[in-house]
Amino acid sequence: MVSQFKPRPLLRSGTYTISDLVERYDTSLRTLRFYEQHGLVRPARPRPNTRVYTRTDVERLDFVFDCRLTGMSVRNIATLLDLRDSLPEKEFGKVHAGELRKRLAELLAELEQLGAQKEALERGLGRLEEKLAG
């Protein structure tokens with residue numbers, strides 16, 4: 001599955017280190033470990049302090065990072081990943097599209113609220129500046 005939101009380099013091999021993925025996603029070790037702790041990805045652990053990621057893990061992380069770009073919560077992403085693992089691709093695509101529509105509606109509502117806050121700030125600041133000038 002190709003990333004839908006952000007172009008990323010093509011995968012060059014079958015396995016990857018955590019350092020490879022830090023570079024791929026321009027992120028921190030801490031972020032990748034956080035996603036692992038929350039069950040979003042499950043790399044192999046052949047030795048203590050060693051993680052080996054497969055192409056499947058990387059595709060899963062592509063999905064996680066794409067969802068995070070939209071502002072989805074880790075909890076919501078975990079639910080989507082569970083559905084992605086259990087539903088046929090087309091059915092999951094419909095669920096995923098519904099979640100993206102829902103997130104877009106949330107963002108549009110937030111933008112409307114921010115616009116109202118901006119207008120209130122501009123009015124208040126204008127009044128205050130008039131008062132200070134007079």
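Here the structure is a predicted model, which means the values were calculated and not measured.
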Go through the steps to decide whether Arg55 and Glu59 satisfy the test side chain to side chain contact (heavy atoms under 4.5 Å, CB included), and finish with yes or no.
CA-CA 6 Å; Arg55 183 178 296 268; Glu59 289 171 356; 3.8 Å; yes

Using side chain to side chain donor-acceptor pair (under 3.5 Å) as the criterion, list what pairs up with [X], not counting sequence neighbours.
X     : answer
Thr17 : Asp20
Asp85 : Arg60
Ser86 : none
Thr54 : Asp57

Would you say the side chain of [Y] lies within less than 4.5 Å of the side chain of [X], judging by non-hydrogen atoms?
X     : Y     : answer
Val64 : Val41 : no
Tyr53 : Thr15 : no
His38 : Ile77 : no
Thr31 : Tyr25 : no

If you round to the nearest 0.5 Å, how far is CG of Leu29 from CD1 of Ile18?
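Separation between the atoms: 5.0 Å.
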
Salt bridge (charged side-chain N to carboxylate O under 4.0 Å, His left out): which pairs involve residues 42-52, sequence neighbours left out?
Glu36-Arg45, Glu36-Arg51

Under the salt bridge (charged side-chain N to carboxylate O under 4.0 Å, His left out) rule, what pairs show up with a residue in residues 103-126, not counting sequence neighbours?
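Listed once each, the pairs are Arg103-Glu106, Arg103-Glu110, Lys118-Glu122.
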
Check the pair Glu99, Thr70 against side chain to side chain contact (heavy atoms under 4.5 Å, CB included), reporting the backbone distance first and the verdict last.
CA-CA 10 Å; Glu99 287 299 314; Thr70 71; over 6 Å; no

Minimum heavy-atom separation for Thr50 to Pro46, with atom names?
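In this case the closest contact between Thr50 and Pro46 is O-CD, 3.7 Å.
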
Taking all non-hydrogen atoms of both residues into account, name the closest pair between Ser28 and Val22 and its distance.
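Smallest heavy-atom distance, with atoms named: C-CG2, 4.0 Å.
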
Applying side chain to side chain contact (heavy atoms under 4.5 Å, CB included) to Ser73 and not counting sequence neighbours gives Arg75, Asn76

Listed by chain and number, what are the side chain to side chain contact (heavy atoms under 4.5 Å, CB included) partners of Glu91, not counting sequence neighbours?
Leu87, Pro88

Using the rule that two of Ile, Leu, Val, Met, Phe, Trp, Tyr join whenever any of their side-chain heavy atoms come within less than 4.5 Å, decide whether Phe34 and Phe63 are in one cluster.
yes

Name the residue from Leu80, Leu81, Leu32 that meets the side chain to side chain contact (heavy atoms under 4.5 Å, CB included) definition with Leu40.
Leu81

Is it the case that Arg24 places NZ or CZ above or below the six-membered ring of Tyr16, under 6.0 angstrom from the centre and within 45 degrees of the axis?
no

Linking Ile, Leu, Val, Met, Phe, Trp and Tyr through side-chain heavy atoms less than 4.5 Å apart, which residues share a cluster with Leu132?
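Reading the cluster by chain and number, Leu132 sits alongside Leu128.
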
Over 60° means perpendicular and under 30° means parallel, so tell me whether His96 and Phe92 are parallel, tilted or perpendicular.
parallel

Quick one: list whatever passes ring pair (Phe, Tyr, Trp, His ring centres under 6.0 Å) with Tyr35, sequence neighbours left out.
Phe65

